[in-house]
Amino acid sequence: MSSEANVAAKAGLEDIVAGTSAISYIDGNIGKLVYCGYNIHDLAVHSTFEEVIYLLWNQKLPTQSELDELKAQLKKEPSLPAGIHQLIREIPKDANAMDALRTIVSALGLFDPDGQDMSREANVRKAIRLTAKFPTIVTTFQRVRNGLEPVEPREDLSIAGNFIYTLRGEEADEVATRTIDMALVLHADHEWNASTFAARVTAATLSDMYSSVVSAIGALKGPLHGGANEGVIKNLLEIGSVDKVEEWVMNAFAQKKKIMGFGHRVYNTEDPRATHLRKMSGELAERSGESRWYDMSIKMEEVVKREKGLNPNVDFYSASTYYSLGLPTDLFTPIFACSRISGWTAHILEQYANNRLIRPRADYIGAMDLSYKPMNERG
Ligand code: COA
């Protein structure tokens with residue numbers, strides 16, 4: 001260990017408190033998640049995604065007029081610049097949807113009218129633009145790669161409503177809109193998770209909001225983070241029926257494979273978001289008359305809990321929920337991003353407001369004090 005750092009390294013920074021934040025709080029022992037003082041259970045049932053966006057950015061619930069004003073600002077912004085439409089047409093049709101989102105968001109920064117302005121006001125405007133445009137980016141990419149024309153978002157629809165509308169070209173029913181809205185509320189923020197931390201590390205160098213968000217998208221894509229929801233549906237599709245779940249899980253454990261959608265760094269008990277997503281998945285199964293994916297998920301939860309004591313996380317039941325809504329499977333992680341952009345931008349604003357460079361140390365385990373040899377003496 002290097003004598004200067006001389007601090008026992010903790011793999012994966014587990015349990016390390018890296019700073020202060022007033023945005024969200026987790027008590028992993030009792031499965032409690034709080035956004036700015038409000039329990040996720042209350043927000044999931046009573047709030048809309050737009051209200052939660054206001055809450056995360058302002059750390060207070062909006063009054064009606066504050067909410068109306070935010071909605072009006074969001075409604076001005078979901079369209080994409082012509083240059084971005086052009087870029088989307090150039091992206092290979094088989095590109096990974098998270099890679100496409102990362103590339104498009106990076107390019108979008110070049111078109112932002114606030115440019116390199118780093119004032120709080122300009123950064124709030126950038127947060128509004130990013131949050132409003134994320135769903136349009138995802139649905140436009142999806143349509144264009146399937147040979148369809150983009151659909152312009154409608155002013156009278158919520159972010160959730162516009163997601164389905166711009167994806168399918170027709171308005172969603174109330175159940176689908178409410179399901180997406182609640183999923184957006186549940187995924188909006190989660191303390192200093194990997195993608196949020198990545199965003200904060202980039203913001204802490206005083207780099208711009210787009211660069212910070214691009215860092216976050218890259219981190220969210222990974223299968224140990226947001227990419228897990230896509231992994232879950234792949235597994236369910238591969239298994240195919242409830243009677244094959246037990247054997248599949250036991251096989252996966254025998255091969256020391258990780259099962260996507262289970263386990264969590266912070267929760268030692270049920271992830272409170274999973275409680276709502278399980279319920280939503282069950283209700284959608286009942287409504288559609290196709291309960292296979294929900295039934296398989298319930299069986300998988302039972303076996304994984306029995307064998308390893310692992311609980312489902314947010315990604316597990318979001319997979320069967322989105323699948324029951326007929327959403328394309330490789331948009332599952334981008335949908336997560338359409339929600340988490342609200343939390344990322346809240347954290348970036350918080351970081352800028354009280355900034356210090358984030359620069360940890362490493363516990364050096366490499367060689368030391370070697371004598372330098374010229375090239376012709378190296379063996
Ligand atoms: N399937 C099988 N085993 C799992 C597991 C899973 N999903 N999650 C954790 N474990 C096991 C590990 O193999 C390890 O066992 P060991 O001590 O016998 O080696 C133990 O539980 C601890 O896991 P570890 O990976 O060290 O925990 P972590 O805190 O570093 O990781 C996750 C947390 C979320 C990355 C991990 O649970 C995981 O990979 N889950 C699957 C991916 C996922 O759903 N990610 C979304 C998170 S919201």
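Read the numbers this way: they start at 1 and go in the same order the structure lists the ligands and their atoms. Computed from heavy atoms alone, side chains included, the values below leave out hydrogens, waters and symmetry copies. Everything numeric in this text was worked out from a predicted model, so none of it was measured. Starting from 1, each residue takes its place in the sequence as its number.
- Counting heavy atoms closer than 4.0 Å to ligand 1, residue D315 contributes side-chain atoms (C-beta onward) but none from N, CA, C or O.
- The protein non-hydrogen atom at the shortest distance from atom 38 (C) of ligand 1 is K258 NZ, 3.7 Å.
- Contacts with ligand 1 closer than 4.0 Å are made by backbone heavy atoms (N, CA, C, O) of P223 only, the side chain lying farther away.
- Screening F332, F336, W293 against Y322 for a ring pair (Phe, Tyr, Trp, His ring centres under 6.0 Å) leaves a single residue, F332.
- In this structure, atom 25 (O) of ligand 1 is in close contact with the protein, since a protein heavy atom lies within 4.0 Å of it.
- Counting heavy atoms closer than 4.0 Å to ligand 1, residue L310 contributes side-chain atoms (C-beta onward) but none from N, CA, C or O.
- Clustering ILVMFWY residues whenever any of their side-chain heavy atoms sit less than 4.5 angstrom apart, transitively, puts L237 in the very cluster that holds I239.
- Note that atom 3 (N) of ligand 1 has protein non-hydrogen atoms nearby, at separations under 4.0 angstrom.
- Ranking the protein heavy atoms by distance from atom 34 (C) of ligand 1 puts G263 O, 3.7 Å first.
- No N or O atom of A228 sits closer than 3.5 Å to an N or O atom of ligand 1.
- From the protein, the heavy atom lying nearest to atom 45 (N) of ligand 1 is L224 O, 3.0 Å.
- Considering backbone and side-chain atoms together, G261 places an N or O closer than 3.5 Å to an N or O of ligand 1.
- Protein heavy atoms all stay at least 4.0 Å away from atom 11 (C) of ligand 1.
- Ring pair H190/Y267: centre-to-centre distance below 6.0 Å.
- Protein heavy atom closest to atom 40 (N) of ligand 1, with residue, atom name and distance, is F262 O, 2.9 Å.
- Both L56 and L74 belong to a single network of hydrophobic side chains, linked directly or stepwise wherever heavy atoms of I, L, V, M, F, W or Y lie under 4.5 Å apart.
- Atom 32 (C) of ligand 1 is not flagged as protein-proximal [any protein heavy atom, distance under 4.0 Å].
- Using a distance-only test at 3.5 Å, with no hydrogens or angles considered, a donor-acceptor pair links the side chain of E350 to the main chain of A22.
- With a 4.0 Å heavy-atom cut-off, ligand 1 is reached by no atom of E14.
- Of the possible donor and acceptor atoms, one in the side chain of T345 sits under 3.5 Å from a partner among the backbone N and O of S342.
- At the top of the distance list for atom 28 (P) of ligand 1, counting protein heavy atoms only, stands R265 NE, 3.6 Å.
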